[in-house]
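Here the structure is laid out as C-alpha coordinates; the discussion comes afterwards.
The chains referred to below are lettered A, B, ... by the order of the sequence lines, with proteins before strands, and numbering in each begins at 1. All values below come from the heavy atoms of this structure, side chains included, with hydrogens, waters and symmetry mates left out.
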Protein chains: 2
Amino acid sequence: MSDETRNGGTGRPSAGADTASILLDAETRLHGGGDHRSELRLWLRLLTLTNLIESEIRSHLRAEFDVTLPRFDLMAQLEKAAEGLTLGELSRRMMVSAGNVTGLVERLVQDGLVERRPAPGDRRSALVSLTPAGRAGFEAMAHAHGDWVGDLFSDLTPVDIEALMVLLARAKASARTSAQRQEGVSATSHKLSKEPSNV
Amino acid sequence: MSDETRNGGTGRPSAGADTASILLDAETRLHGGGDHRSELRLWLRLLTLTNLIESEIRSHLRAEFDVTLPRFDLMAQLEKAAEGLTLGELSRRMMVSAGNVTGLVERLVQDGLVERRPAPGDRRSALVSLTPAGRAGFEAMAHAHGDWVGDLFSDLTPVDIEALMVLLARAKASARTSAQRQEGVSATSHKLSKEPSNV
DNA sequence: CGTAGATATTTTAAGCTTAAAATAATTCGG
DNA sequence: CCGAATTATTTTAAGCTTAAAATATCTACG
(Lines give C-alpha, C1' and ligand atoms only; values in the text may rest on other atoms or scores of the structure.)
Protein backbone atom coordinates (compact mmCIF):
# COMPACT_ATOMS: atom_id res chain seq x y z
CA MET A 1 0.00 0.00 0.00
CA SER A 2 2.33 2.68 -1.13
CA ASP A 3 2.17 5.59 -3.47
CA GLU A 4 5.52 5.78 -5.17
CA THR A 5 6.57 2.38 -3.99
CA ARG A 6 7.86 -0.74 -5.56
CA ASN A 7 9.35 0.82 -8.61
CA GLY A 8 12.51 -1.18 -8.22
CA GLY A 9 14.43 2.01 -8.03
CA THR A 10 17.60 0.64 -9.56
CA GLY A 11 18.06 3.64 -11.79
CA ARG A 12 19.48 1.42 -14.50
CA PRO A 13 19.47 3.04 -17.95
CA SER A 14 16.64 1.83 -20.12
CA ALA A 15 17.40 -0.61 -22.89
CA GLY A 16 15.28 1.57 -25.14
CA ALA A 17 11.97 0.18 -24.03
CA ASP A 18 8.42 1.39 -24.61
CA THR A 19 7.73 1.20 -28.33
CA ALA A 20 9.27 -1.15 -30.86
CA SER A 21 10.22 -3.58 -28.15
CA ILE A 22 7.76 -6.20 -29.25
CA LEU A 23 10.28 -8.22 -31.17
CA LEU A 24 13.01 -7.83 -28.60
CA ASP A 25 10.73 -8.79 -25.76
CA ALA A 26 10.95 -12.54 -25.97
CA GLU A 27 14.70 -12.52 -26.33
CA THR A 28 15.15 -10.07 -23.51
CA ARG A 29 13.18 -12.27 -21.22
CA LEU A 30 14.98 -15.39 -22.35
CA HIS A 31 18.31 -13.89 -21.47
CA GLY A 32 17.08 -12.81 -18.07
CA GLY A 33 18.27 -9.29 -18.70
CA GLY A 34 14.72 -8.06 -18.19
CA ASP A 35 14.01 -4.40 -17.64
CA HIS A 36 10.43 -4.50 -16.32
CA ARG A 37 10.38 -0.75 -16.08
CA SER A 38 6.99 -0.29 -17.68
CA GLU A 39 5.50 -3.21 -15.77
CA LEU A 40 6.68 -1.66 -12.53
CA ARG A 41 5.13 1.67 -13.40
CA LEU A 42 1.91 -0.10 -14.26
CA TRP A 43 1.89 -1.94 -10.96
CA LEU A 44 2.55 1.26 -9.08
CA ARG A 45 -0.31 3.03 -10.77
CA LEU A 46 -2.67 0.15 -10.22
CA LEU A 47 -1.76 0.03 -6.57
CA THR A 48 -2.12 3.74 -6.03
CA LEU A 49 -5.53 3.81 -7.61
CA THR A 50 -6.76 0.84 -5.59
CA ASN A 51 -5.44 2.32 -2.35
CA LEU A 52 -7.09 5.61 -3.09
CA ILE A 53 -10.48 4.05 -3.72
CA GLU A 54 -10.23 1.60 -0.89
CA SER A 55 -9.40 4.29 1.60
CA GLU A 56 -12.23 6.44 0.33
CA ILE A 57 -14.70 3.60 0.75
CA ARG A 58 -13.30 2.72 4.13
CA SER A 59 -13.80 6.21 5.45
CA HIS A 60 -17.32 6.47 4.05
CA LEU A 61 -18.24 3.17 5.68
CA ARG A 62 -16.85 4.30 8.98
CA ALA A 63 -18.38 7.76 8.93
CA GLU A 64 -21.79 6.85 7.61
CA PHE A 65 -22.38 3.31 8.89
CA ASP A 66 -19.80 2.81 11.60
CA VAL A 67 -18.64 -0.36 9.91
CA THR A 68 -15.21 -1.57 8.82
CA LEU A 69 -14.37 -2.53 5.28
CA PRO A 70 -13.65 -6.21 6.02
CA ARG A 71 -17.01 -6.57 7.73
CA PHE A 72 -18.75 -5.00 4.78
CA ASP A 73 -16.85 -7.35 2.48
CA LEU A 74 -17.92 -10.37 4.43
CA MET A 75 -21.54 -9.29 4.49
CA ALA A 76 -21.41 -8.64 0.75
CA GLN A 77 -20.38 -12.23 0.20
CA LEU A 78 -23.21 -13.52 2.34
CA GLU A 79 -25.77 -11.32 0.67
CA LYS A 80 -25.11 -13.13 -2.59
CA ALA A 81 -25.45 -16.59 -1.05
CA ALA A 82 -28.99 -17.27 0.03
CA GLU A 83 -28.06 -20.59 1.64
CA GLY A 84 -25.16 -19.13 3.57
CA LEU A 85 -21.49 -19.96 3.15
CA THR A 86 -18.96 -22.02 5.04
CA LEU A 87 -16.01 -20.28 6.59
CA GLY A 88 -13.75 -21.88 4.03
CA GLU A 89 -15.83 -20.62 1.15
CA LEU A 90 -15.82 -17.14 2.67
CA SER A 91 -12.07 -17.32 3.04
CA ARG A 92 -11.64 -18.26 -0.62
CA ARG A 93 -14.04 -15.64 -1.96
CA MET A 94 -12.65 -12.88 0.18
CA MET A 95 -9.11 -13.95 -0.59
CA VAL A 96 -8.07 -13.82 3.04
CA SER A 97 -6.77 -16.45 5.42
CA ALA A 98 -9.06 -18.86 7.21
CA GLY A 99 -8.06 -17.61 10.62
CA ASN A 100 -9.00 -14.13 9.57
CA VAL A 101 -12.53 -15.19 8.73
CA THR A 102 -12.95 -16.96 12.05
CA GLY A 103 -12.43 -13.73 13.93
CA LEU A 104 -14.43 -11.58 11.55
CA VAL A 105 -17.46 -13.88 11.83
CA GLU A 106 -17.09 -13.97 15.60
CA ARG A 107 -17.32 -10.19 15.82
CA LEU A 108 -20.21 -9.97 13.35
CA VAL A 109 -22.12 -12.57 15.32
CA GLN A 110 -21.62 -10.46 18.42
CA ASP A 111 -22.99 -7.46 16.55
CA GLY A 112 -26.04 -9.53 15.64
CA LEU A 113 -25.47 -9.04 11.92
CA VAL A 114 -24.52 -12.60 11.09
CA GLU A 115 -25.32 -16.05 12.44
CA ARG A 116 -23.55 -19.39 12.27
CA ARG A 117 -25.01 -22.86 12.48
CA PRO A 118 -23.52 -26.31 11.97
CA ALA A 119 -23.39 -27.34 8.35
CA PRO A 120 -25.71 -30.25 7.60
CA GLY A 121 -23.76 -33.36 6.74
CA ASP A 122 -20.28 -32.21 7.76
CA ARG A 123 -19.52 -31.78 11.40
CA ARG A 124 -16.32 -29.89 10.67
CA SER A 125 -18.11 -27.06 8.89
CA ALA A 126 -20.31 -24.19 9.86
CA LEU A 127 -22.64 -22.23 7.65
CA VAL A 128 -22.66 -18.48 8.05
CA SER A 129 -25.50 -16.26 6.91
CA LEU A 130 -26.91 -12.78 7.42
CA THR A 131 -29.48 -12.17 10.13
CA PRO A 132 -32.48 -10.05 9.15
CA ALA A 133 -30.74 -7.11 10.81
CA GLY A 134 -27.58 -7.89 8.87
CA ARG A 135 -29.47 -8.10 5.61
CA ALA A 136 -31.27 -4.82 6.20
CA GLY A 137 -28.07 -3.09 7.24
CA PHE A 138 -26.22 -4.40 4.26
CA GLU A 139 -28.89 -3.27 1.84
CA ALA A 140 -28.51 0.33 2.96
CA MET A 141 -24.75 0.12 2.81
CA ALA A 142 -24.73 -1.51 -0.60
CA HIS A 143 -26.87 1.25 -2.01
CA ALA A 144 -24.57 3.95 -0.66
CA HIS A 145 -21.53 1.98 -1.70
CA GLY A 146 -22.77 1.87 -5.27
CA ASP A 147 -23.14 5.62 -5.25
CA TRP A 148 -19.64 6.16 -3.91
CA VAL A 149 -18.07 3.90 -6.51
CA GLY A 150 -20.16 5.46 -9.23
CA ASP A 151 -18.97 8.83 -8.11
CA LEU A 152 -15.32 7.79 -7.91
CA PHE A 153 -15.44 6.71 -11.54
CA SER A 154 -17.81 9.39 -12.73
CA ASP A 155 -15.28 11.01 -15.04
CA LEU A 156 -14.80 7.81 -17.01
CA THR A 157 -16.87 7.28 -20.12
CA PRO A 158 -18.62 3.97 -20.74
CA VAL A 159 -15.98 3.33 -23.37
CA ASP A 160 -13.19 3.89 -20.85
CA ILE A 161 -14.85 1.50 -18.47
CA GLU A 162 -15.32 -1.18 -21.05
CA ALA A 163 -11.72 -0.84 -22.19
CA LEU A 164 -10.51 -1.10 -18.63
CA MET A 165 -12.62 -4.18 -18.04
CA VAL A 166 -11.03 -5.91 -21.00
CA LEU A 167 -7.49 -4.92 -20.19
CA LEU A 168 -7.83 -5.74 -16.50
CA ALA A 169 -9.22 -9.14 -17.40
CA ARG A 170 -6.17 -9.70 -19.53
CA ALA A 171 -3.89 -8.57 -16.74
CA LYS A 172 -5.68 -10.81 -14.30
CA ALA A 173 -5.26 -13.79 -16.58
CA SER A 174 -1.58 -12.99 -16.93
CA ALA A 175 -1.09 -12.68 -13.20
CA ARG A 176 -2.95 -15.89 -12.48
CA THR A 177 -0.87 -17.81 -14.97
CA SER A 178 2.31 -16.39 -13.54
CA ALA A 179 1.26 -17.14 -9.99
CA GLN A 180 0.45 -20.67 -10.96
CA ARG A 181 3.84 -21.07 -12.63
CA GLN A 182 5.46 -20.04 -9.36
CA GLU A 183 3.40 -22.40 -7.26
CA GLY A 184 5.75 -24.89 -5.73
CA VAL A 185 9.02 -23.32 -6.80
CA SER A 186 11.44 -23.80 -3.91
CA ALA A 187 12.70 -20.62 -2.32
CA THR A 188 16.24 -19.36 -2.70
CA SER A 189 16.26 -17.76 0.75
CA HIS A 190 18.52 -14.74 0.78
CA LYS A 191 17.29 -13.40 4.12
CA LEU A 192 18.11 -9.97 5.38
CA SER A 193 17.94 -10.65 9.08
CA LYS A 194 20.58 -12.15 11.27
CA GLU A 195 18.95 -15.36 12.43
CA PRO A 196 20.94 -18.59 12.55
CA SER A 197 20.45 -19.97 9.06
CA ASN A 198 19.43 -23.57 9.55
CA VAL A 199 20.60 -24.78 6.13
CA MET B 1 -9.63 -7.25 -0.18
CA SER B 2 -12.28 -9.43 -1.58
CA ASP B 3 -12.83 -11.38 -4.73
CA GLU B 4 -16.48 -11.08 -5.60
CA THR B 5 -17.11 -8.35 -3.10
CA ARG B 6 -18.60 -4.90 -3.13
CA ASN B 7 -20.87 -5.36 -6.09
CA GLY B 8 -23.77 -3.89 -4.29
CA GLY B 9 -25.69 -7.02 -4.95
CA THR B 10 -29.06 -5.30 -5.06
CA GLY B 11 -30.18 -7.34 -8.02
CA ARG B 12 -32.07 -4.35 -9.39
CA PRO B 13 -33.00 -4.70 -13.05
CA SER B 14 -30.68 -2.77 -15.32
CA ALA B 15 -31.91 0.46 -16.84
CA GLY B 16 -30.49 -0.73 -20.14
CA ALA B 17 -26.90 0.15 -19.40
CA ASP B 18 -23.68 -0.69 -21.23
CA THR B 19 -23.86 0.77 -24.73
CA ALA B 20 -25.86 3.77 -25.88
CA SER B 21 -25.98 5.09 -22.36
CA ILE B 22 -23.71 8.02 -23.08
CA LEU B 23 -26.48 10.51 -23.58
CA LEU B 24 -28.58 9.21 -20.74
CA ASP B 25 -25.70 9.19 -18.34
CA ALA B 26 -25.72 12.80 -17.28
CA GLU B 27 -29.44 12.83 -16.73
CA THR B 28 -29.41 9.56 -14.86
CA ARG B 29 -26.84 10.92 -12.48
CA LEU B 30 -28.64 14.19 -12.06
CA HIS B 31 -31.78 12.44 -10.96
CA GLY B 32 -29.90 10.31 -8.47
CA GLY B 33 -31.36 7.16 -9.94
CA GLY B 34 -27.84 5.94 -10.74
CA ASP B 35 -27.20 2.35 -11.59
CA HIS B 36 -23.41 2.13 -11.16
CA ARG B 37 -23.46 -1.48 -12.22
CA SER B 38 -20.54 -1.23 -14.60
CA GLU B 39 -18.53 0.92 -12.20
CA LEU B 40 -19.00 -1.66 -9.49
CA ARG B 41 -17.85 -4.44 -11.76
CA LEU B 42 -14.82 -2.36 -12.67
CA TRP B 43 -13.98 -1.74 -9.05
CA LEU B 44 -14.33 -5.41 -8.26
CA ARG B 45 -12.01 -6.39 -11.06
CA LEU B 46 -9.46 -3.77 -10.11
CA LEU B 47 -9.50 -4.93 -6.54
CA THR B 48 -9.18 -8.59 -7.38
CA LEU B 49 -6.21 -7.96 -9.61
CA THR B 50 -4.45 -5.82 -7.04
CA ASN B 51 -5.07 -8.36 -4.29
CA LEU B 52 -3.76 -11.13 -6.44
CA ILE B 53 -0.54 -9.32 -7.26
CA GLU B 54 -0.06 -7.99 -3.78
CA SER B 55 -0.41 -11.40 -2.24
CA GLU B 56 1.99 -12.87 -4.77
CA ILE B 57 4.61 -10.23 -3.99
CA ARG B 58 4.04 -10.62 -0.29
CA SER B 59 4.69 -14.32 -0.37
CA HIS B 60 7.78 -13.94 -2.54
CA LEU B 61 9.17 -11.36 -0.15
CA ARG B 62 8.55 -13.59 2.80
CA ALA B 63 9.86 -16.76 1.23
CA GLU B 64 12.92 -15.33 -0.42
CA PHE B 65 13.91 -12.42 1.80
CA ASP B 66 12.06 -12.96 5.04
CA VAL B 67 10.65 -9.46 4.83
CA THR B 68 7.12 -8.10 5.01
CA LEU B 69 5.55 -6.01 2.29
CA PRO B 70 5.18 -2.84 4.39
CA ARG B 71 8.86 -2.96 5.31
CA PHE B 72 9.79 -3.37 1.69
CA ASP B 73 7.53 -0.45 0.83
CA LEU B 74 9.13 1.77 3.38
CA MET B 75 12.63 0.88 2.25
CA ALA B 76 11.62 1.54 -1.34
CA GLN B 77 10.64 5.08 -0.39
CA LEU B 78 13.92 5.67 1.36
CA GLU B 79 15.95 4.27 -1.49
CA LYS B 80 14.65 7.05 -3.70
CA ALA B 81 15.47 9.79 -1.19
CA ALA B 82 19.19 10.23 -0.80
CA GLU B 83 18.79 12.73 2.03
CA GLY B 84 16.36 10.58 3.95
CA LEU B 85 12.73 11.34 4.68
CA THR B 86 10.78 12.55 7.68
CA LEU B 87 8.17 10.26 9.17
CA GLY B 88 5.45 12.55 7.91
CA GLU B 89 6.78 12.45 4.38
CA LEU B 90 6.98 8.67 4.58
CA SER B 91 3.40 8.56 5.81
CA ARG B 92 2.20 10.67 2.90
CA ARG B 93 4.13 8.77 0.24
CA MET B 94 3.16 5.37 1.57
CA MET B 95 -0.43 6.50 2.03
CA VAL B 96 -0.63 5.09 5.53
CA SER B 97 -1.24 6.70 8.90
CA ALA B 98 1.51 8.43 10.83
CA GLY B 99 1.26 6.06 13.74
CA ASN B 100 1.79 3.19 11.38
CA VAL B 101 5.07 4.63 10.17
CA THR B 102 6.31 5.16 13.71
CA GLY B 103 6.08 1.44 14.44
CA LEU B 104 7.41 0.33 11.08
CA VAL B 105 10.49 2.51 11.43
CA GLU B 106 10.99 1.29 14.98
CA ARG B 107 11.12 -2.30 13.83
CA LEU B 108 13.36 -1.57 10.86
CA VAL B 109 15.79 0.29 13.12
CA GLN B 110 15.92 -2.77 15.34
CA ASP B 111 16.71 -4.88 12.30
CA GLY B 112 19.55 -2.52 11.47
CA LEU B 113 18.13 -1.74 8.04
CA VAL B 114 17.16 1.86 8.72
CA GLU B 115 18.39 4.67 10.94
CA ARG B 116 16.76 7.76 12.33
CA ARG B 117 18.35 11.01 13.39
CA PRO B 118 16.96 14.37 14.44
CA ALA B 119 16.05 16.57 11.51
CA PRO B 120 18.26 19.64 11.34
CA GLY B 121 16.30 22.78 12.12
CA ASP B 122 13.13 21.17 13.45
CA ARG B 123 13.20 19.44 16.77
CA ARG B 124 9.84 17.83 16.16
CA SER B 125 11.03 15.91 13.14
CA ALA B 126 13.28 12.97 12.53
CA LEU B 127 14.97 11.99 9.29
CA VAL B 128 14.91 8.34 8.39
CA SER B 129 17.32 6.74 5.94
CA LEU B 130 18.65 3.36 4.89
CA THR B 131 21.73 1.97 6.56
CA PRO B 132 24.35 0.44 4.27
CA ALA B 133 22.92 -2.97 5.17
CA GLY B 134 19.46 -1.70 4.40
CA ARG B 135 20.57 -0.31 1.08
CA ALA B 136 22.29 -3.52 0.09
CA GLY B 137 19.35 -5.62 1.18
CA PHE B 138 16.93 -3.44 -0.68
CA GLU B 139 18.93 -3.58 -3.87
CA ALA B 140 18.67 -7.35 -3.99
CA MET B 141 14.98 -7.25 -3.20
CA ALA B 142 14.25 -4.58 -5.75
CA HIS B 143 15.89 -6.60 -8.46
CA ALA B 144 13.89 -9.70 -7.63
CA HIS B 145 10.75 -7.61 -7.21
CA GLY B 146 11.16 -6.25 -10.72
CA ASP B 147 11.38 -9.77 -12.05
CA TRP B 148 8.24 -10.87 -10.22
CA VAL B 149 6.22 -7.95 -11.47
CA GLY B 150 7.58 -8.40 -14.96
CA ASP B 151 6.53 -11.99 -14.79
CA LEU B 152 3.07 -11.23 -13.45
CA PHE B 153 2.41 -8.99 -16.42
CA SER B 154 4.34 -11.01 -18.96
CA ASP B 155 1.29 -11.87 -21.04
CA LEU B 156 0.50 -8.21 -21.64
CA THR B 157 1.83 -6.59 -24.78
CA PRO B 158 3.54 -3.19 -24.62
CA VAL B 159 0.40 -1.81 -26.22
CA ASP B 160 -1.77 -3.30 -23.48
CA ILE B 161 0.49 -1.80 -20.85
CA GLU B 162 0.45 1.63 -22.43
CA ALA B 163 -3.32 1.56 -22.77
CA LEU B 164 -3.69 0.54 -19.15
CA MET B 165 -1.38 3.33 -18.05
CA VAL B 166 -3.51 5.89 -19.82
CA LEU B 167 -6.82 4.54 -18.58
CA LEU B 168 -5.63 4.09 -15.03
CA ALA B 169 -4.34 7.65 -15.01
CA ARG B 170 -7.76 8.77 -16.10
CA ALA B 171 -9.40 6.68 -13.40
CA LYS B 172 -7.01 8.04 -10.81
CA ALA B 173 -7.82 11.58 -11.79
CA SER B 174 -11.51 10.81 -11.57
CA ALA B 175 -11.15 9.22 -8.14
CA ARG B 176 -9.05 12.08 -6.80
CA THR B 177 -11.56 14.63 -7.99
CA SER B 178 -14.39 12.69 -6.44
CA ALA B 179 -12.53 12.23 -3.16
CA GLN B 180 -11.84 15.93 -3.05
CA ARG B 181 -15.49 16.73 -3.67
CA GLN B 182 -16.38 14.60 -0.67
CA GLU B 183 -13.81 16.21 1.58
CA GLY B 184 -15.66 17.92 4.37
CA VAL B 185 -19.13 16.63 3.62
CA SER B 186 -20.82 16.01 6.93
CA ALA B 187 -21.82 12.42 7.58
CA THR B 188 -25.41 11.23 7.63
CA SER B 189 -24.68 8.56 10.24
CA HIS B 190 -27.02 5.64 9.79
CA LYS B 191 -25.10 3.29 12.08
CA LEU B 192 -25.75 -0.40 12.27
CA SER B 193 -24.73 -1.04 15.84
CA LYS B 194 -26.75 -0.46 18.91
CA GLU B 195 -24.80 2.20 20.71
CA PRO B 196 -26.60 5.14 22.30
CA SER B 197 -26.85 7.63 19.46
CA ASN B 198 -25.54 10.86 20.88
CA VAL B 199 -27.32 13.13 18.42
C1' DC C 1 7.29 38.74 23.57
C1' DG C 2 3.04 35.75 23.92
C1' DT C 3 -0.19 33.07 22.45
C1' DA C 4 -3.31 30.83 19.04
C1' DG C 5 -3.22 27.77 15.58
C1' DA C 6 -0.71 24.66 12.76
C1' DT C 7 2.44 20.81 12.20
C1' DA C 8 5.25 16.45 13.48
C1' DT C 9 5.24 12.68 16.02
C1' DT C 10 3.88 9.27 19.53
C1' DT C 11 0.66 6.80 22.15
C1' DT C 12 -3.44 4.12 22.81
C1' DA C 13 -7.09 0.93 22.02
C1' DA C 14 -9.24 -1.81 18.97
C1' DG C 15 -9.38 -4.43 15.18
C1' DC C 16 -7.31 -6.70 11.01
C1' DT C 17 -4.07 -10.00 8.94
C1' DT C 18 -0.96 -13.57 8.20
C1' DA C 19 1.60 -18.03 8.57
C1' DA C 20 2.03 -21.96 10.98
C1' DA C 21 0.72 -25.34 14.27
C1' DA C 22 -2.99 -27.81 16.42
C1' DT C 23 -7.75 -30.14 16.34
C1' DA C 24 -11.19 -32.48 14.46
C1' DA C 25 -13.78 -34.82 10.98
C1' DT C 26 -14.02 -36.81 6.41
C1' DT C 27 -12.56 -39.56 2.48
C1' DC C 28 -10.27 -43.03 0.13
C1' DG C 29 -7.68 -47.15 -0.84
C1' DG C 30 -6.81 -51.40 0.62
C1' DC D 1 -12.90 -51.71 8.97
C1' DC D 2 -8.28 -49.24 9.20
C1' DG D 3 -5.09 -45.91 8.66
C1' DA D 4 -3.15 -42.29 5.64
C1' DA D 5 -4.06 -38.31 3.46
C1' DT D 6 -7.12 -34.52 2.90
C1' DT D 7 -10.13 -30.92 4.32
C1' DA D 8 -12.39 -27.48 7.70
C1' DT D 9 -11.66 -24.78 11.30
C1' DT D 10 -9.40 -22.73 15.37
C1' DT D 11 -5.59 -21.18 17.88
C1' DT D 12 -1.35 -18.71 18.47
C1' DA D 13 2.16 -15.29 18.00
C1' DA D 14 3.65 -11.58 15.68
C1' DG D 15 3.02 -7.83 13.11
C1' DC D 16 0.16 -4.35 10.54
C1' DT D 17 -3.33 -0.66 10.53
C1' DT D 18 -6.35 2.84 11.79
C1' DA D 19 -8.56 6.80 14.22
C1' DA D 20 -8.26 9.63 17.88
C1' DA D 21 -6.09 11.71 21.74
C1' DA D 22 -1.90 13.43 23.69
C1' DT D 23 2.81 15.80 23.33
C1' DA D 24 5.94 18.70 21.67
C1' DT D 25 7.49 22.16 18.75
C1' DC D 26 7.06 25.71 15.45
C1' DT D 27 5.02 29.88 13.01
C1' DA D 28 2.54 33.96 12.69
C1' DC D 29 0.39 37.68 14.24
C1' DG D 30 -0.49 41.28 17.23
Side-chain angles (χ1 to χ4, degrees), chain A residues 1-2 5 51 54-64 66-75 84-111 113 116-128 187 193 195, chain B residues 1-2 5 51 54-75 84-111 116-128 187 193 195:
Chain A
M1 319 263 180
S2 157
T5 278
N51 284 167
E54 204 164 54
S55 115
E56 196 63 19
I57 292 175
R58 187 193 312 279
S59 88
H60 274 294
L61 281 175
R62 179 179 302 272
E64 292 166 40
D66 194 32
V67 137
T68 64
L69 185 48
R71 289 180 198 200
F72 175 75
D73 268 9
L74 196 152
M75 292 173 78
L85 293 173
T86 63
L87 293 168
E89 196 48 35
L90 273 171
S91 163
R92 268 185 295 281
R93 297 195 189 187
M94 297 176 71
M95 308 201 295
V96 301
S97 69
N100 192 349
V101 173
T102 297
L104 233 23
V105 167
E106 225 163 54
R107 290 184 287 270
L108 282 167
V109 167
Q110 285 209 320
D111 286 356
L113 300 172
R116 53 179 295 171
R117 65 199 139 96
D122 189 337
R123 274 174 302 174
R124 295 169 302 179
S125 284
L127 276 180
V128 184
S193 42
E195 280 130 44
Chain B
M1 318 256 178
S2 156
T5 278
N51 284 167
E54 204 163 55
S55 116
E56 195 65 17
I57 292 175
R58 187 194 311 280
S59 89
H60 274 296
L61 281 174
R62 179 179 301 272
E64 293 166 40
F65 296 99
D66 194 34
V67 138
T68 64
L69 185 49
R71 290 182 197 200
F72 175 74
D73 268 9
L74 196 151
M75 292 174 77
L85 293 172
T86 62
L87 292 167
E89 196 46 37
L90 272 171
S91 164
R92 268 184 296 281
R93 297 196 189 188
M94 295 176 71
M95 308 200 295
V96 300
S97 69
N100 191 348
V101 173
T102 297
L104 234 24
V105 166
E106 225 163 53
R107 290 183 288 270
L108 282 167
V109 167
Q110 286 208 320
D111 287 355
R116 54 178 294 171
R117 66 201 139 93
D122 190 337
R123 274 175 302 173
R124 293 170 304 178
S125 283
L127 277 180
V128 184
S193 42
E195 278 131 45

Original post:
D/dC16, C/dT17, C/dT9: which one has an atom nearest the side-chain heavy atoms of B/Ser125?
Top reply: C/dT9
Original post:
In whole angstrom, what separates A/Gln110's CD from C/dA14's P?
Top reply: 13 Å
Original post:
Where do A/Leu69 and A/Ile57 come nearest, in terms of heavy atoms and distance?
Top reply: CD1-CG2, 4.1 Å
Subject >> Gap between atoms CD and P, on A/Glu54 and D/dC16 respectively (whole Å) >> reply: 18 Å
**OP:** Can you tell me the distance, in whole Å, between the CG atom of B/Asp122 and the P atom of D/dC26?
**Re:** 5 Å
**OP:** Check every atom of D/dT9, C/dT9, D/dC26 against the side chain of A/Arg116 and return the nucleotide holding the closest atom.
**Re:** D/dT9
Original post:
Does some side-chain heavy atom of A/Arg71 sit less than 4.5 Å from a side-chain heavy atom of A/Asp111?
Top reply: yes
**OP:** For A/Gly103 and for B/Leu127, find the nucleotide of DNA chain C with the closest heavy atom, then tell me which residue's nucleotide is more 5'.
**Re:** B/Leu127
Original post:
With respect to the side chain of A/Arg107, which nucleotide from C/dT11, C/dG15, C/dA8 is positioned closest?
Top reply: C/dG15
**OP:** Round to a whole Å and report the spacing from CG of B/Asp66 to P of D/dA14.
**Re:** 14 Å
**OP:** Output yes when at least one side-chain N/O atom of A/Thr68 is less than 4.0 Å from OP1 or OP2 of C/dC16, else no.
**Re:** yes
Original post:
Closest to the A/Arg71 side chain: C/dC16, D/dT11, D/dT9?
Top reply: C/dC16
Subject >> Side-chain N or O of B/Thr102 closer than 4.0 Å to phosphate OP1/OP2 of C/dT11 >> reply: no
**OP:** Please state how far atom CZ in B/Phe72 lies from atom P in D/dC16, giving the value in whole angstrom units.
**Re:** 15 Å
Original post:
Which atom names give the shortest non-hydrogen contact between A/Met94 and A/Pro70, and what distance separates them?
Top reply: CE-O, 3.7 Å
**OP:** Answer with base, sugar-phosphate or nothing: what part of the nucleic acid does A/Thr86 contact at a heavy-atom distance below 4.0 Å?
**Re:** sugar-phosphate
Original post:
Going through the checks in order, is the side chain to side chain contact (heavy atoms under 4.5 Å, CB included) test met by B/Leu104 and B/Leu90?
Top reply: CA-CA 11 Å; B/Leu104 234 24; B/Leu90 272 171; over 6 Å; no
Original post:
Heavy atoms under 4.0 Å, any strand shown: does A/Ala119 hit a base, just sugar-phosphate, or nothing?
Top reply: nothing
Subject >> Rounded distance in Å - CG (A/Leu87) to P (D/dT11) >> reply: 12 Å
Original post:
Taking the side chain as C-beta and beyond, is there a heavy-atom pair between B/Leu127 and B/Pro120 under 4.5 Å?
Top reply: yes
Original post:
Counting only N and O atoms by type, is there a donor-acceptor contact under 3.5 Å from the side chain of B/Ser91 to the main-chain atoms of B/Val96?
Top reply: yes
Original post:
Can you tell which of C/dT9, D/dT11, D/dA8 lies closest to the side chain of A/Arg124?
Top reply: D/dA8
Below 3.5 Å between N/O atoms, which protein atoms pair up with nucleotides 18-21 of chain C? Just atom names and distances, please.
from, atom 1, to, atom 2, distance (Å)
C/dT18, OP2, A/Ser97, N, 2.9
C/dT18, OP2, A/Ser97, OG, 3.3
C/dT18, OP2, A/Asn100, ND2, 3.2

Original post:
When rounded to the nearest 0.5 angstrom, what is the spacing between CD in A/Gln110 and CG in A/Leu108?
Top reply: 10.0 Å
Original post:
Atom CG of A/Leu104 to atom P of D/dT10: distance rounded to whole Å?
Top reply: 12 Å
Subject >> Validation row: A/Leu87, A/Arg116 side chains within 4.5 angstrom (heavy atoms) >> reply: yes
Original post:
Whole Å only: how far is the CD atom of A/Glu89 from the P atom of D/dA8?
Top reply: 9 Å
